[in-house]
Asks: 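Below is the structure I would like to discuss, written out as structure tokens.
Nothing fancy with the numbering, it's 1 onward along the sequence.
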Amino acid sequence: MQPPPDKAHQDTAGDAQWSRPECQAWTGTLLLGTCLLYCARVSMPICTVSMSQDFGWNKKEAGIVLSSFFWGYCLTQILGGHLGDRIGGEKVILLSASAWGFLTAATPLLAHLGSAHLAFMTFSRVLTGLLQGVYFPALTSLLSQKVRESERAFTYSTVGAGSQFGTLVTGAVGSLLLDWCGWQSVFYLSGGLTLLWVCYVYRYLLSKQDLILALGVLAQGLPMARHTRVPWRQLFRKPSVWAAVFSQLSAACSFFILLSWLPTFFKETFPSSKGWVFNVVPWLVAIPASLFSGFLSDHLISQGYRTITVRKFMQVMGLGLSSVFALCLGHTSSFCKSVFFASASIGLQTFNHSGISVNIQDLAPSCAGVLFGEDPGPCPEPQRLLPGVANTAGALAGVVGVGLGGYLIETTGSWTSVFNLVAAVSSLGLCTFLMFGKAQRVDLSPRQEDL
């Protein structure tokens with residue numbers, strides 16, 4: 001049965017790769033989009049202390065609000081990849097950004113709808129997580145179709161740097177707005193900038209006809225992709241796959257705990273300190289660290305070092321050394337040392353991008369999107385539709401880790417317990433990857449492996 005002409009045209013257009021000028025324009029635009037994604041995401045951690053004072057939240061209740069984002073985030077991984085393949089990743093990103101931008105800007109209004117502040121904020125964060133959960137799987141689909149394989153790693157690392165840059169911007173500008181205009185202004189700014197970005201993409205990079213066609217496909221319903229067969233049993237018989245997934249879970253859990261609780265830690269431990277310092281410096285370090293880790297990894301491999309050796313070295317830095325600095329955070333009373341330790345821990349965690357995040361492509365390039373929705377690699381269309389197992393596991397870890405962090409602070413009264421949790425989780429992930437991690441392909445049939 002032949003597809004309808006419009007659908008056939010859409011599929012053909014979706015497979016056309018960008019020219020160099022188009023790739024440069026889209027890379028810059030998506031870098032800004034990822035920046036705004038994180039601006040909206042970290043607005044709540046930046047404002048948690050002030051909101052807790054206004055609404056009378058304790059640490060457990062603040063932990064519920066902070067972790068609720070990940071409840072929604074882990075549920076839309078499959079949807080993001082599926083939508084990206086059917087209507088185009090750029091359209092999915094545009095539609096979801098318009099929704100989360102509006103919701104972020106409306107958060108202060110939702111907070112004052114009634115007396116159930118905790119319920120409204122929890123619902124708002126769950127919905128924001130649902131909307132942002134489609135972003136990276138759709139980005140995976142988009143870049144794997146539109147960017148040349150030889151340029152894909154650099155393009156993705158550049159776009160991914162927006163996560164640190166967005167956290168940096170919100171930390172700097174948001175901290176100043178928090179002091180000058182109140183916590184509401186942080187949400188107004190991040191949501192408003194996202195909506196301006198949506199208007200720019202719609203006006204200059206997407207045609208109205210393409211967007212109408214995409215909405216038409218959504219209105220008609222999304223048929224499942226053809227022949228979606230993934231060798232689940234074969235993949236999960238391999239200890240190396242379990243090691244990569246568990247290590248990704250550990251890295252995500254550690255990162256989300258620090259991302260969510262560091263602003264509160266500094267605000268309570270050093271009440272006279274400036275928010276624009278402790279909310280900015282760690283992410284100012286993370287941006288060059290992320291780019292350097294990618295360069296170092298590629299350089300070491302080009303010099304003849306074994307791929308798995310390089311991957312494990314990156315994890316020693318990203319999970320091992322970073323957890324040492326996280327532990328140090330709980331054993332110092334100096335503000336300057338705390339900023340240094342936090343910066344070192346966050347900066348070193350970016351080495352995970354050149355470790356387990358790309359190890360999935362080493363193991364199963366034919367279905368990297370199945371295992372890890374945020375890093376594409378060469379992946380056939382039907383298999384990008386399925387959820388990124390490692391990414392979904394990481395989001396679930398965020399729910400548990402952030403919530404558990406709030407519980408530990410409330411029950412023990414000590415921030416040391418939170419940083420001990422980060423170190424313990426990181427150490428488990430590192431040991432698992434060092435013991436069982438490999439870089440040989442596991443997605444080939446036994447007959448292909450023998451060739």
Side-chain angles (χ1 to χ4, degrees), residues 41-42 44-45 48-49 52 57-71 73-74 125 167 243 245-270 278-279 282-283 286 315-333 337-352 355-356 390-434:
R41 184 179 299 189
V42 303
M44 184 63 75
T48 297
V49 174
S52 296
W57 297 339
N58 59 31
K59 292 296 187 301
K60 291 180 183 178
E61 291 170 330
I64 290 173
V65 175
L66 290 171
S67 65
S68 60
F69 172 88
F70 304 103
W71 302 350
Y73 188 73
C74 66
R125 294 301 287 173
T167 310
V245 171
F246 184 74
S247 298
Q248 170 61 21
L249 182 151
S250 301
C253 184
S254 300
F255 175 75
F256 289 143
I257 291 173
L258 292 178
L259 177 71
S260 299
W261 285 113
L262 272 181
T264 304
F265 162 74
F266 278 105
K267 195 71 175 178
E268 293 191 348
T269 308
F270 308 101
F278 59 76
N279 286 326
W283 307 104
Q315 287 313 116
V316 169
M317 303 294 287
L319 286 175
L321 191 55
S322 68
S323 67
V324 173
F325 286 107
L327 278 175
C328 293
L329 269 171
H331 296 86
T332 181
S333 57
K337 288 182 180 179
S338 294
V339 171
F340 173 78
F341 293 145
S343 302
S345 184
I346 293 293
L348 287 167
Q349 282 197 359
T350 64
F351 280 65
N352 292 322
I356 49 176
N391 191 37
T392 303
L396 288 171
V399 175
V400 177
V402 176
L404 181 58
Y407 174 80
L408 289 173
I409 300 167
E410 186 69 25
T411 54
T412 65
S414 171
W415 283 97
T416 302
S417 60
V418 177
F419 300 124
N420 288 342
L421 174 64
V422 171
V425 171
S426 297
S427 299
L428 284 174
L430 176 61
C431 292
T432 303
F433 190 71
L434 291 179

Asks: Is there a donor-acceptor pair closer than 3.5 Å between any side-chain N or O of Thr332 and the backbone N or O of Leu329?
Replies: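 Looks like no, no N/O pair under 3.5 Å.
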
Asks: Would a 4.5 Å heavy-atom cut-off, applied to side chains only, mark Leu321 and Val316 as touching?
Replies: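 Answer no - side chains too far apart.
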
Asks: Among residues at least two apart in sequence or on other chains, which ones pass salt bridge (Lys or Arg N to Asp or Glu O under 4.0 Å) with Glu268?
Replies: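 Partners of Glu268 by the salt bridge (Lys or Arg N to Asp or Glu O under 4.0 Å) criterion, ordered by chain and then number, come out as Lys59.
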
Asks: Would you indicate whether the side-chain heavy atoms of Leu262 and Ile346 approach each other to under 4.5 Å?
Replies: yes

Asks: Is it the case that Ser254 and Ser426 place a side-chain donor and acceptor less than 3.5 Å from each other?
Replies: yes

Asks: Can you list everything that forms a ring-ring contact (aromatic ring centres under 6.0 Å, His included) with Phe265? Sequence neighbours excluded, please.
Replies: Trp415, Phe419

Asks: Using the ring-ring contact (aromatic ring centres under 6.0 Å, His included) criterion, which residues pair with Phe256? Sequence neighbours excluded.
Replies: Phe70

Asks: With Met317, which of Asn352, Leu348, Thr350, Leu430 fulfils side chain to side chain contact (heavy atoms under 4.5 Å, CB included)?
Replies: Leu348

Asks: Kindly write out the residues that satisfy side chain to side chain donor-acceptor pair (under 3.5 Å) with Arg41, not counting sequence neighbours, or none if the list is empty.
Replies: Tyr38, Gln132

Asks: Count the heavy atoms belonging to other residues, nucleotides or ligands that lie under 6.0 Å from CZ of Phe340, then report whether that count exceeds 12.
Replies: no

Asks: Could you measure the distance from the CG atom of Leu258 to the SG atom of Cys253? Nearest 0.5 Å is fine.
Replies: 9.5 Å

Asks: Not counting sequence neighbours, which residues clear ring-ring contact (aromatic ring centres under 6.0 Å, His included) with Trp57? List them please.
Replies: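 Partners of Trp57 under the ring-ring contact (aromatic ring centres under 6.0 Å, His included) test: Phe55.
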
Asks: Name all residues meeting the ring-ring contact (aromatic ring centres under 6.0 Å, His included) criterion together with Phe433; count only those two or more places apart in sequence or in a different chain, and write none if there are none.
Replies: none

Asks: Does Gly330 offer a backbone N or O that forms a donor-acceptor pair with the side chain of Thr416 under 3.5 Å?
Replies: yes

Asks: Under 4.5 Å between any side-chain heavy atoms of Gln315 and Leu434, yes or no?
Replies: no

